[in-house]
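To start, the structure itself, in structure tokens.
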Amino acid sequence: MENKEIAKILSEISVYLEMEGEMFKPRVYEKAALAIELLDKPLKDIYKTQGLKGIENIEGVGLSIAEKIEELLKTGELKYYKQLKKKYPIDLENLLRIEGLGPKLIKKLYEKLKIKNIADLEKAAQEGKIRKIEGFGEKTEQNILKSIEFLKQSGNRFILGFVWPEIENIISQLSHLKEVKKIIAAGSIRRMKETIGDLDILIISNNPMPVMDYFVSMPNVFQIIAHGETKSAIRLKNGLDVDLRVVAEESFGAALNYFTGSKNHGIHLREIAMKKNYKLNEYGLFKIKNNKEIKIAGKTEKEIYQALGLDYIEPEMREDWGEIELAQNHQLPKLIGYNDLKGDLQIQTNWSDGSNSIEEYIDAALKNNLEYIAITDHTKSLAMTGGCDEKKLLKQIKEIDKINQKLEKEKINFKVLKSAEVNILKDGSLDIDKKVLAQLDFVAAAVHSHFNMTRKEMTERICKAIRNPLVDIIFHPTGRLILKRPPYDLDVDKIINEAKNNNTCLEIDAFPDRLDLKDEHIKKAIEKGVKLSIDSDSHSINHLNYLKFGIAQARRGWVTKNDIINTKPWPEMLKQLKVNQRKK
DNA sequence: GCCGTTTTCGGCCCGACTGTTTTCAGTCG
């Protein structure tokens, strides 16, 4: 059993215990689940080499939970968990996705109305039964219906960054087979979309059957949907559908282009082909002469674009947003590269709700080829994160100064910048004193409360922060959580204009369920000349890996290296911010 | 149930907000 599955079970136990009215146990299980999720070694390896003691040594795991993990590793099951599930036979995972529903209310709904899943919930809400339960009311009932509607719209999709390790794992396993000559993931993954519906893998192979056999028998396969010589399809345990197709070497480019999409991009390409009296399909580009098809391209994508009179278009741009016209006129932007970031400007450490120390981040950032990071712990009005007040922030400033001195002394070319993720309060003001903010290298601000303001109020609230001479960057400007929460009601065009007029930078938050700003807003922002940053929003050192999803998001917004402030070394990066003008 | 010490049991991140109440439970982050 893998760490992820074990973490999920512990986390569910925590919810059950909360339903039971336990005071402290839930937090303990949740903490253990988190620790296991962040573990970089498989539990089964730890157990093999160090036994029960090894598991107990994990921070947050004691004897009782260690024994439960042992049972899971040995038998694949856990009696304690099974009993809880039997007591509450409900679809916890999905019910918890409803905003405003937590363990206590879910329990009440089950006991009073026998609600076990979203379908039951929707029916009861529509029939007006929920408002009659004590503790619920009309408004709650309406909110439940709204939330169900939002979930339905987001459909059965997966957040790219969260399924990425699994995708990489599959590709890596297959690529090691000797029968696989070439392998690539096409579809929305290649275009690096925020969410994906399924996974399309293309391979070149002279002997595909062993590959197919291997593919359908991988350990994380839940169901085999098809198992043939040229195409197989499976559903993974996590619900993701994966297709594997064998493609001929001479038409690999055409197939790759066809299966990468987007649909609209492909349609537009085929129209261009038609006008030239060509035909484009997944087997190649053909010239039509005397009713005969003569293949003129297909082995690579590049030769297909070239034969159509186009420059090569990066997959992230293939949405038919005007990229084809630019390619015809040789005016495509040179997109920011996946190795172009020199720093990360949003890091939460264990000074607030992050799980690693500043020093641990430095090590991790160096391994990720970064030259600097900014420490941006939450501030005081986010109490639950242990947010910094003025005193704590001043203490952290001193600490970072010391760390930088040490780095300098040891001749390590790395800089830690002093910052904070300051809360934008309801009225647009900040929750930290000016004098303290002035001591930071730069100031970032973000909304973390009062999400339900009107469009006008929310827009003005954020614009006020943008105008604040102390604010250099606005973090995750629209506040959305992909598949979970829509953005605040906001006039983004106005935000972009205000940012431009005040030389305030906007962020592309790279955390996989944020990716905020989103591609179309990014495109608008750089057209206006607004400067952007790409930051991981790390809450643990592993999250530095998420930077690539922020870069992908930027590429989908047609961003060049120059548009992003943290592609520059830190002194030049700071020069582009308002803080520089303040100091003059 | 875990941790840390005060070494064998007490404390456990905590404030704001929402929608329900009419003083607060539950959720959020």
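In the text below, chain A, chain B and the rest are named by the order of the sequence lines, each starting its count at 1. Every heavy atom of this structure was used, including side-chain atoms; hydrogens, water molecules and symmetry mates were not.
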Original post:
Which whole-number value in Å describes the distance from A:Lys484 NZ to B:dT27 C1'?
Top reply: 11 Å
**OP:** Taking atom types as modelled, find out whether A:Asn57 and A:Gln50 have a side-chain donor-acceptor pair closer than 3.5 angstrom.
**Re:** no
Could you go over nucleotides 19-22 of chain B and give all protein N or O partners under 3.5 Å, atom names and distances?
unit_1 : atom_1 : unit_2   : atom_2 : d
B:dG19 : OP1    : A:Asn143 : ND2    : 3.3
B:dG19 : O3'    : A:Thr140 : OG1    : 2.9
B:dT20 : OP1    : A:Gly137 : N      : 2.6
B:dT20 : OP1    : A:Gly137 : O      : 3.1
B:dT20 : OP1    : A:Glu138 : N      : 3.4
B:dT20 : OP1    : A:Thr140 : N      : 3.2
B:dT20 : OP1    : A:Thr140 : OG1    : 2.7

Subject >> Same-atom distance (C1') from B:dT18 to B:dT8, integer angstrom >> reply: 42 Å
Subject >> A:Ser449 and A:Lys426 side chains, donor-acceptor separation under 3.5 Å >> reply: no
Subject >> Watson-Crick or G-U pairs under 3.5 Å in DNA chain B, rendered as dot-bracket with [ ] for crossing pairs and | for another strand >> reply: ((((....))))..(((((....))))).
Original post:
How far does the C1' atom of B:dG15 sit from the matching atom of B:dG1, given to the nearest Å?
Top reply: 25 Å
Original post:
Can you tell me how far C1' in B:dC17 sits from the matching atom in B:dG29, rounded to whole Å?
Top reply: 11 Å
**OP:** Report yes or no: do A:Glu421 and A:His448 form a side-chain donor-acceptor pair below 3.5 Å?
**Re:** yes
Original post:
What's the shortest heavy-atom distance between A:Ile508 and A:Ile522, and which atoms?
Top reply: CD1-CD1, 3.6 Å
Original post:
Expressed as a whole number of Å, how far does the P atom of B:dG19 sit from that of B:dC14?
Top reply: 26 Å
**OP:** Could you tell me whether the side chains of A:Glu22 and A:Tyr29 share a donor-acceptor contact shorter than 3.5 Å?
**Re:** no
Original post:
Would you call A:Lys392 and A:Glu390 a salt bridge, taking side-chain N to carboxylate O under 4.0 Å as the test?
Top reply: no
**OP:** Find the distance A:Lys392:NZ to B:dC13:P and express it as a whole number of Å.
**Re:** 13 Å
Original post:
Which whole number of Å gives the distance between the C1' atom of B:dC28 and that of B:dC13?
Top reply: 14 Å
Subject >> Value in whole Å for how far the P atom of B:dT27 lies from CD1 of A:Ile144 >> reply: 11 Å
Original post:
Hey, which of A:Ile115, A:Ile90, A:Leu95 is the one that makes side-chain contact (heavy atoms from CB on, under 4.5 Å) with A:Leu109?
Top reply: A:Ile115
Subject >> Separation of atom CG in A:Leu34 from atom C1' in B:dC13, rounded to whole Å >> reply: 14 Å
**OP:** Return the value, rounded to whole Å, for the distance between atom CG of A:Asp431 and atom C1' of B:dG15.
**Re:** 12 Å
**OP:** Among A:Arg467, A:Arg455, A:Lys494, find the one that has a salt bridge (Lys or Arg N to Asp or Glu O under 4.0 Å) with A:Glu460.
**Re:** A:Arg467
Subject >> A:Asp91 side chain to A:Asn117 side chain, donor-acceptor N/O pair below 3.5 angstrom >> reply: no
Subject >> Whole angstrom value for the distance that separates C1' of B:dT27 from CZ of A:Arg485 >> reply: 13 Å
**OP:** Take atom CD of A:Glu138 as the centre, draw a 6.0 Å sphere, and report whether it contains more than 12 heavy atoms from other residues, nucleotides or ligands.
**Re:** no
**OP:** Indicate whether the side chain of A:Asp537 and that of A:Gln348 have a donor and an acceptor atom separated by less than 3.5 Å.
**Re:** yes
Original post:
Can you tell me how far C1' in B:dC12 sits from the matching atom in B:dT5, rounded to whole Å?
Top reply: 14 Å
Subject >> Between B:dC9 and B:dT20 - C1' atom distance, rounded Å >> reply: 38 Å
**OP:** Measure from OH on A:Tyr488 to P on B:dC17 and round the result to the nearest Å.
**Re:** 15 Å
Original post:
Where the side chain of A:Arg27 is concerned, which of B:dG26, B:dC12, B:dG29 is the nearest nucleotide?
Top reply: B:dC12
**OP:** Could you tell me whether the phosphate oxygens of B:dA16, OP1 or OP2, come under 4.0 Å of any side-chain nitrogen or oxygen in A:His450?
**Re:** no
Original post:
To the nearest angstrom, how far is A:Asp353 atom CG from B:dG15 atom P?
Top reply: 16 Å
Subject >> Salt bridge A:Glu2-A:Lys4, side-chain N to carboxylate O under 4.0 Å >> reply: no
Original post:
What string of B, S and - do you get for nucleotides 1-8 of chain B, 5' to 3', when a contact is any protein heavy atom under 4.0 Å?
Top reply: BSS-----
